[in-house]
Amino acid sequence: MTSPAIKIAPSLLAADYAALADAIARVEAGGADQLHVDVMDGHFVPNITIGLPVVEAIRRRTRLPLDLHLMITDPDRYLEPFVRAGGDSLTVHVEACRHLHRTLERIRELGARAGVALNPATPPAVLDYALDGADLVLVMSVNPGFGGQAFIPATYAKLVDLKNRLGERPMEVSIDGGVKLEHCRPLVLRGATTLVAGSGIFSAADPGAEVRRFRQAALAAVSI
Ligand code: DX5
Ligand code: ZN
């Protein structure tokens, strides 16, 4: 059983980059709703990962929506190329945007969904005057740059704060970093709609089955 309201988004950062097609096929078979792709530039975050050619290659391998998490300095320079490469949603960091409102507008103009990400130390209040331009808010529950870090518990309070600020807006609220099976229920109860998980899914023996487990855990919160 699937719920359109909750999305499970495996983060390919934790997959074997030499066997991405296989990793994608596994989570797709498990019912993943979208793929989370971490783009890191070695400036905004200390790590370097996927760039345009790899996003294009992933696009050719799946019909799932690609959720591009741009952990890059000056994202404006790359919005159009990443939409052309196949991004369905582009999520920029508020900490990397000089003119966030304009950047979100541009993403929508390009035909993609506009996302904005908050580092753990950034309060949701910073988005109060930008929310109408966003389709999704991504709350980082680790400091961005690496997979496999521990979930930061203050994320729970932050989610409640964000939810209050959203009011009736139909916003996708995504949580990214250290999300394991046991976090699904409390996160959904506090307003998360999309659960991004890298190591939580790809370190399992059967990532497809893990996607199903994540969904069950998330749905247990919806149905109470
Ligand atoms: C971290 C990335 C995450 C990462 C999460 O900077 O943005 O998407 O893949 O990986 P886990 O789930 O292993 O923390
Ligand atoms: Zn990410």
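One-based numbering, in listed order, for ligands and for the atoms of each.
- Closest to atom 8 (O) of ligand 1 among all protein heavy atoms lies D176 OD1, 2.7 Å.
- Between the side chain of S141 and the main chain of D176, a donor-acceptor pair closer than 3.5 Å is present.
- In plain terms, the two heavy atoms of V142 and G178 that are nearest each other are CG1-N, 3.8 Å.
- If you check the side chains of T103 and D76, you find a donor sitting under 3.5 Å from an acceptor.
- When you scan the N, O or S atoms of D176 for the one nearest the Zn ion (ligand 2), you land on OD2.
- Here's the thing with L13: none of its N/O atoms is less than 3.5 angstrom from an N/O atom of ligand 1.
- Considering both main-chain and side-chain atoms, G200 never comes within under 3.5 Å of ligand 1 through any nitrogen or oxygen pair.
- Annotation: atom 9 (O) of ligand 1 to nearest protein heavy atom, S11 OG, 2.6 Å.
- At least one N or O atom of H36, backbone or side chain, sits closer than 3.5 Å to an N or O atom of ligand 1.
- If you run side-chain hydrogen bond (donor to acceptor under 3.5 Å, both in side chains) between D88 and each of Q34, R113, R59, only R59 comes through.
- Between H183 and F151, the ring planes lie parallel to each other; the angle is under 30°, not in the 30° to 60° tilted range.
- Residue V137 forms a side chain to side chain contact (heavy atoms under 4.5 Å, CB included) with just one option from T194, I175, L127, and that option is L127.
- Considering backbone and side-chain N/O atoms, N143 never comes within less than 3.5 Å of an N/O atom of ligand 1.
- Listed by number with element, the atoms of ligand 1 under 4.0 Å from a non-hydrogen atom of S199 are 11 (P), 12 (O), 13 (O).
- Contacts with ligand 1 closer than 4.0 Å are made by backbone heavy atoms (N, CA, C, O) of A197 only, the side chain lying farther away.
- Taking every non-hydrogen atom of G148 and a distance limit under 4.0 Å, the qualifying atoms of ligand 1 come out as 11 (P), 13 (O), 14 (O).
- Near M71, meaning under 4.0 Å from one of its heavy atoms, ligand 1 places the atoms 6 (O), 7 (O).
- Residue G198 has at least one N or O atom closer than 3.5 Å to an N or O atom of ligand 1.
- Contact record, A117 with H69: CB-NE2, 4.2 Å, taken as the closest heavy-atom pair.
- The atoms of ligand 1 that sit less than 4.0 Å from any heavy atom of H69 are 7 (O).
- A side chain to side chain contact (heavy atoms under 4.5 Å, CB included) with T91 holds for exactly one of D135, L70, V116, L136; it is L136.
- Residues K180 and S199 approach most closely at NZ-OG, 3.3 Å, considering heavy atoms.
- Heavy-atom contacts of P144 reach the following atoms of ligand 1: 6 (O) (cutoff under 4.0 Å).
- Considering each of S203, G145, G147, the one bringing a non-hydrogen atom nearest atom 10 (O) of ligand 1 is G147.
- When all heavy atoms are compared, the tightest approach of D41 to V45 is OD1-N, 3.8 Å.
- For the pair A114 and L104, the tightest heavy-atom approach, listed with the atom from each and the gap, is CB-O, 3.7 Å.
- Looking from atom 1 (C) of ligand 1 to the surrounding protein, the closest heavy atom is F146 O, 3.5 Å.
- There is no side-chain donor-acceptor pair under 3.5 Å between T193 and E172.
- For G177, the heavy-atom gap to ligand 1 drops under 4.0 angstrom.
- P65 has its side chain out of reach of S89: every pair of non-hydrogen atoms, C-beta onward, lies at least 4.5 Å apart.
- Atom ND1 is the N/O/S atom of H69 found closest to the Zn ion (ligand 2).
- Short contacts between ligand 1 and G178, defined as distances under 4.0 Å to a heavy atom of the residue, involve ligand atoms 11 (P), 12 (O), 14 (O).
- With ligand atoms numbered from 1 in the order given, ligand 1 contributes 6 (O) to contacts under 4.0 Å with heavy atoms of M40.
- The NE2 atom of H36, the Zn ion (ligand 2) and the OD1 atom of D38 define an angle of 90° (nearest 10 degrees).
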